[in-house]
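Throughout, protein chains are lettered first and strands after them, A, B, ... in sequence-line order, and every chain is numbered starting at 1. Any value given below was found using the heavy atoms of this structure, including those in side chains, with hydrogens, waters and symmetry copies removed.
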2 protein chains.
Amino acid sequence: MALSARSITLHDVARDAGVSAASVSRILTGRFRGEPAVAERVRAIARQLGYVPHGGARALITRRAGAMGVLLPDIFGEFFSELLRGADAAARAAGVQLLVAGAHSAPEELVAAIGAMRGRVDGYLVMAPHTAARAALAQLAAHTPTVVVGASDRAVPFPALVVDNRGGARAMAQHLLACRYDRIAFIGGPRGNADATARRSGFLQALRGSAAARTLIELPGDFNQQAGWDAARALLRAPRRPRALFAANDAMAIGALSALHDAGVRVPDEIAVAGFDDIPMARFLAPSLTTVHVPIAALGERAMQRLLDGVRHGTHATVFREVVPTSLVHRASTGAPADPVTMRGVA
Amino acid sequence: MALSARSITLHDVARDAGVSAASVSRILTGRFRGEPAVAERVRAIARQLGYVPHGGARALITRRAGAMGVLLPDIFGEFFSELLRGADAAARAAGVQLLVAGAHSAPEELVAAIGAMRGRVDGYLVMAPHTAARAALAQLAAHTPTVVVGASDRAVPFPALVVDNRGGARAMAQHLLACRYDRIAFIGGPRGNADATARRSGFLQALRGSAAARTLIELPGDFNQQAGWDAARALLRAPRRPRALFAANDAMAIGALSALHDAGVRVPDEIAVAGFDDIPMARFLAPSLTTVHVPIAALGERAMQRLLDGVRHGTHATVFREVVPTSLVHRASTGAPADPVTMRGVA
DNA sequence: CCCAGTGGTGCAAACGTTTGCACGCGTTGT
DNA sequence: ACAACGCGTGCAAACGTTTGCACCACTGGG
């Protein structure tokens with residue numbers, strides 16, 4: 001296996017400048033308190049040689065990797081690219097790099113990925129919506145700065161940023177009730193996904209006691225567009241069509257909109273559709289999608305900031321639980337509420 | 001600044017097992033040719049202590065970072081998440097990690113990001129659609145394995161995977177002509193973006209000589225949904241509306257669809273809409289979007305594979321230029337061709 | 001019984017950087 | 001003129017691995 005050609009090191013610069021490597025290091029990192037003339041000469045030679053410090057070696061001696069690990073369940077769709085964008089912005093501002101790994105379905109895969117990052121990152125930003133992975137994470141968090149993003153068990157404590165899934169789903173339920181939709185269908189998320197579970201339970205809770213609760217139709221889903229498409233097709237074949245359809249995320253809502261459009265069903269006149277996440281594309285759909293706004297990029301940014309703080313101040317053992325608020329975004333895919341009073345309650 | 005608590009090293013395992021660090025290293029990396037009993041004991045102790053090798057230290061001595069740098073112009077929308085997903089898949093299969101950095105508008109930013117990755121990655125996967133960044137890259141590619149993705153100048157040679165933008169745009173032009181759309185509008189991409197330029201020139205080239213060429217309306221865009229929305233609004237205000245609208249990427253086509261829907265304009269009956277990229281969502285739009293299929297995830301995967309090959313076999317100096325084919329995907333947002341013969345020519 | 005061969009294991013150097021300590025030289029105070 | 005002090009700079013250790021080389025203890029043949 002061929003190795004990359006040996007590149008310019010600190011010693012090369014030191015030799016050419018006629019000083020020690022120590023001085024070069026001090027000069028280039030700004031810790032030098034000697035002759036300005038020497039410093040200038042060294043800087044000039046470094047520039048001329050095209051010297052760039054070796055991040056790995058620096059990380060080893062300073063015990064700071066200068067990078068954060070980002071672990072995602074998947075890299076798919078706008079949600080994750082938004083999250084990553086936010087995390088990247090915060091990391092860049094701090095001069096820290098991002099080691100990204102996706103597609104962790106099983107808990108042991110997640111643990112393996114975390115292991116592979118040891119010594120290359122100072123902390124972990126983990127999105128682990130699957131309940132099963134939580135125990136493994138709690139152990140990790142005690143050793144290394146870690147921030148978990150997304151829903152979390154209260155049972156297993158670690159620093160976490162959680163989206164107010166229940167609140168958002170409740171607001172959506174109230175909105176749909178205010179619109180007087182009597183028959184409502186709910187398309188759920190993947191089994192074992194904590195966000196999906198919280199959204200469902202918030203929705204059901206707010207529906208309790210209403211007429212819609214008794215006629216509620218529940219359909220399985222997996223957060224992908226195809227699942228929403230399939231669910232909508234199934235609903236159209238049902239003996240009594242629902243009047244509204246709430247998907248546990250926007251991707252499924254989009255799939256549903258597509259199926260309804262193809263079947264010639266008018267939205268929201270015949271069936272209203274709502275989603276969850278408010279991905280950037282939601283407002284550009286036809287019709288634009290009523291959904292629950294989650295500040296996705298801000299979530300990634302905030303999580304990274306808290307992670308960086310934890311590493312900087314050594315407060316990473318401090319368990320916190322920050323709830324990120326959600327808000328209802330009323331667009332064209334659902335009708336206007338019949339009762340404005342209820343809407344006030346939502347806002 | 002607090003440092004992370006000292007974690008288990010090779011020496012800790014060696015001490016507990018009563019062997020040298022060298023033996024532990026050989027045992028855990030499978031290069032050990034001694035007593036099986038010793039090996040088993042060491043493995044047991046390593047497991048019990050929760051030892052995980054320090055990637056940074058290993059990278060330093062082996063001169064292989066075990067990671068690849070991925071440099072993106074931006075992390076926004078489905079295109080980049082698809083590309084990243086493909087790259088991640090290939091990297092994961094090779095046991096290599098991904099150091100991701102986004103948002104490089106200016107060439108010097110790109111160079112800085114590359115520098116910051118020195119010593120942490122074995123190669124670079126760069127998406128640099130802006131012509132200005134190319135010169136800086138050519139220099140880099142000579143030193144370090146680099147694969148550029150997206151359009152490329154033939155003038156500045158380095159290993160590159162390029163999308164057949166011109167071919168795709170030509171096919172789209174032929175399709176729109178076959179549909180007998182007389183007045184066509186084109187929404188362009190960001191100024192200086194090589195992909196956008198190639199798409200435009202392929203489109204214009206195929207239109208040459210047709211009646212549509214004389215009535216062509218060109219509008220500026222920046223690859224974001226809002227630009228497509230704005231462009232469509234502008235077209236609706238124009239004295240004579242176009243009959244078809246070709247956006248240089250899907251995001252802008254989506255924005256346009258949204259604006260047309262809001263204005264009550266039927267697609268494709270009144271205005272046909274087409275995009276470029278075929279992001280996963282394109283088929284779930286209402287109406288589903290006619291577009292030029294780019295195998296985005298496959299592109300990322302293939303680029304990463306070639307990069308890995310280059311690093312492994314030391315062939316990174318070999319300049320290649322692999323053209324990724326595109327294909328027309330005819331969906332509901334454009335009508336059926338009036339002349340099937342022309343369509344045969346497209347396929 | 002000794003020597004050569006062999007197989008198991010450890011020593012130490014190396015990767016490229018940072019940093020505590022000390023050294024040498026020039027200056028100043030007595 | 002000699003001690004003390006300070007300032008600029010270099011030496012060497014350290015970070016956690018891997019790996020060439022050498023060493024030791026066996027074993028077997030002469």
Side-chain angles (χ1 to χ4, degrees), chain A residues 1 3-42 46 49-67 115-122 144, chain B residues 1 3-43 46 49-67 115-122:
Chain A
M1 181 173 318
L3 305 171
S4 53
R6 203 179 89 59
S7 45
I8 312 294
T9 77
L10 203 55
H11 292 97
D12 297 326
V13 178
R15 189 176 347 93
D16 280 29
V19 294
S20 75
S23 290
V24 177
S25 169
R26 280 189 272 251
I27 289 166
L28 297 180
T29 54
R31 259 175 275 279
F32 184 72
R33 310 213 39 74
E35 288 280 337
V38 178
E40 206 33 69
R41 181 160 46 92
V42 168
L49 258 48
Y51 168 72
V52 181
H54 189 288
R58 177 178 280 177
L60 190 56
I61 188 69
T62 58
R63 296 169 147 286
R64 293 193 58 245
M117 285 186 176
R118 148 138 205 255
R120 329 177 89 103
V121 299
D122 296 318
T144 317
Chain B
M1 181 168 321
L3 305 172
S4 53
R6 202 179 90 58
S7 46
I8 312 293
T9 78
L10 204 54
H11 293 97
D12 298 326
V13 179
R15 192 179 341 98
D16 280 29
V19 294
S20 75
S23 290
V24 178
S25 169
R26 281 190 271 251
I27 288 166
L28 297 181
T29 54
R31 257 174 277 279
F32 184 72
R33 308 213 41 74
E35 288 279 338
V38 178
E40 205 34 70
R41 181 159 48 92
V42 168
R43 262 190 279 268
L49 257 49
Y51 168 72
V52 180
H54 189 288
R58 177 179 280 177
L60 189 57
I61 187 70
T62 58
R63 295 169 145 288
R64 294 194 58 245
M117 286 187 175
R118 146 137 207 256
R120 331 176 88 104
V121 299
D122 296 317

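Rounded to a whole Å, the CG atom of Leu60(A) is 8 Å from the C1' atom of dT17(D). The distance from atom NE2 of His54(B) to atom P of dC15(C) is 19 Å, rounded to the nearest whole Å. Across the protein-nucleic acid pair, Ile27(B) atom CD1 and dT17(D) atom P stand 14 Å apart, rounded to whole Å. Residue Ile61(B) contributes atom CD1, which lies 13 Å from atom P of dA13(C) at whole-angstrom precision. Whole-Å rounding puts the Ile8(A) CD1 to dC15(C) C1' distance at 16 Å. The distance from atom CG of Leu10(A) to atom P of dC11(D) is 13 Å, rounded to the nearest whole Å. Following rounding to the nearest Å, Met117(A) (CE) and dG16(D) (P) show an atom-to-atom distance of 21 Å. Between Glu35(B) atom CD and dT6(C) atom C1' the separation is 14 Å, expressed in whole Å.
Rounded to the nearest 0.5 angstrom, Thr29(A) OG1 and Arg26(A) CZ are separated by 8.5 Å. For the atom pair CZ (Arg15(A)) and OG1 (Thr9(A)), the distance works out to 7.0 Å, reported to the nearest 0.5 Å. Taking CD from Glu40(A) and CD from Glu35(A), the interatomic distance works out to 13.0 Å, rounded to the nearest 0.5 Å. Of the inter-residue distances, the one linking Leu60(B) atom CG with Leu60(A) atom CG reads 6.0 Å to the nearest 0.5 angstrom.
In this structure, Thr144(A) and Met117(A) have side chains that are not in contact, with every pair of non-hydrogen atoms separated by 4.5 Å or more. In this structure the side chain of Val24(A) never reaches within 4.5 angstrom of the side chain of Tyr51(A), judged on heavy atoms.
Listed candidates were dT17(C), dG16(D), dT17(D). Nearest to the side chain of Arg58(A) is dT17(C). With dT17(D), dG8(D), dC15(C) as the choices, the nucleotide that has an atom nearest any side-chain atom of Arg63(B) turns out to be dC15(C).
Contacts between residues 36-43 of chain B and DNA chain D, defined by a heavy-atom separation below 4.0 Å, involve no residue at all.
Residue Arg31(A) places at least one side-chain N or O under 4.0 Å from the OP1 or OP2 atom of dT19(C). In terms of phosphate contacts, Ser25(B) brings a side-chain nitrogen or oxygen within less than 4.0 Å of OP1 or OP2 of dT18(D). For the pair Thr9(A) and dG16(C), the criterion of a side-chain N or O lying under 4.0 Å from OP1 or OP2 is not met.
Heavy atoms only, all atoms of each residue included: Ala17(B) and Val42(B) are closest at CB-CG2, 3.9 Å. Scanning all heavy atoms of the two residues, the minimum distance from Asp12(B) to Ser7(B) falls at OD2-O, 3.8 Å.
In this structure, Arg41(A) has no salt bridge (charged side-chain N to carboxylate O under 4.0 Å, His left out) partners at least two apart in sequence or on a different chain.
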Enumerate the protein-to-nucleotides 20-28 of chain D contacts in which both atoms are nitrogen or oxygen and the separation is below 3.5 Å.
| from | atom 1 | to | atom 2 | distance (Å) |
| --- | --- | --- | --- | --- |
| dG20(D) | O6 | Arg26(B) | NH1 | 3.4 |

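Each of Gly56(B) and Ser23(B) lies near DNA chain D, and the nucleotide nearest Gly56(B) is the one positioned closer to the 5' end.
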